[in-house]
Amino acid sequence: MKFTSIKKKLRGMRRRARKLPLWGIHHKNLDLVSLIKNKKDYVKLWISPFYRLYQLNSKEVGKRNPPNRFRKQVIYQLIEIYLEWQRKLDQMNEDYYLKIWLGDPEFMDSQVVTALGTEIQYYERIFLMNPEPKPFPYKNVHPYFELFTWERCVNGYYVWESDLESEEEINEMKSKAYKVYEDIINGQPERSYFISTGDMWTGQIRGSGNLT
């Protein structure tokens, strides 16, 4: 499969920026019936053309980050979605998980995520915390931005050893792995490698009283 080069110039950014508020308004509508049934919901950045895969180099493909100004406008809309979801969730009078995830440098991994019931614990544990101090990479873009508390986590993906085809590939994953896990799958030992792609900053407003 042939992929577009990451170096290809982007056009029409002003037009895409004008459409962002409509994208935000659409996703503010949290479907509580679906949420109660599935115990989770999220908004991912399926924003063209950035969600597509590009040719990064001769061996790798990946997503393309939007320009900095466009990223700020996306974060603004993610906060708007978060605030509207929080208002609706507060009316349910039960515990919930609600956070914004901001990827750095993999910005297109960013999303708003909410969960109820048994899914809360899963999402609270989904990321590894990164204890090393580092300045938060994004600046104030919204009137409520300063109300958020952000935690630095590790972003990445898992590679199962059983999916690798050679000792060379296994050694390569071992050298890249941020952490190695040993599991028992269907009664058999299985090893997986967590490959870090950077940071995932998880943010939330603690309590809803600040929004009155």
Side-chain polar contacts of residues 18-27 - donor-acceptor pairs under 3.5 angstrom, sequence neighbours left out - could you list them?
{"unit_1": "W23", "atom_1": "NE1", "unit_2": "H27", "atom_2": "NE2", "d": "3.3"}

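In terms of the salt bridge (charged side-chain N to carboxylate O under 4.0 Å, His left out) criterion, residue partners of E84 (sequence neighbours excluded) are, by chain and number, R87. In terms of the side-chain hydrogen bond (donor to acceptor under 3.5 Å, both in side chains) criterion, residue partners of D199 (sequence neighbours excluded) are, by chain and number, K134, R152. With sequence neighbours left out, the side-chain hydrogen bond (donor to acceptor under 3.5 Å, both in side chains) criterion links E168 to no other residue. Residues forming a ring pair (Phe, Tyr, Trp, His ring centres under 6.0 Å) with Y193 (at least two apart in sequence, or on another chain): none. When the side chain to side chain contact (heavy atoms under 4.5 Å, CB included) test is applied to R125, the partners found at least two apart in sequence or on another chain are Q121. Remark: E146 pairs with no residue by the salt bridge (charged side-chain N to carboxylate O under 4.0 Å, His left out) rule, at least two apart or across chains. By the side-chain hydrogen bond (donor to acceptor under 3.5 Å, both in side chains) test, K40 pairs with no residue at all, sequence neighbours left out. Applying the salt bridge (charged side-chain N to carboxylate O under 4.0 Å, His left out) rule to E190 yields no partners; only residues at least two apart in sequence or on another chain are considered. Qualifying side-chain hydrogen bond (donor to acceptor under 3.5 Å, both in side chains) partners for S34, counting only residues two or more places apart in sequence or in other chains: N38. Taking the salt bridge (charged side-chain N to carboxylate O under 4.0 Å, His left out) definition, one finds that K39 meets it with nothing, sequence neighbours left out.
Taking the six-membered ring for Trp and thresholds of 30 and 60 degrees, F136 and F145 have ring planes inclined between 30 and 60 degrees apart.
Legend: salt bridge (Lys or Arg N to Asp or Glu O under 4.0 Å) pairs involving residues 29-38, not counting sequence neighbours: none detected.
Looking at heavy atoms from C-beta onward, V43 lies out of side-chain contact with V113 at the 4.5 angstrom threshold.
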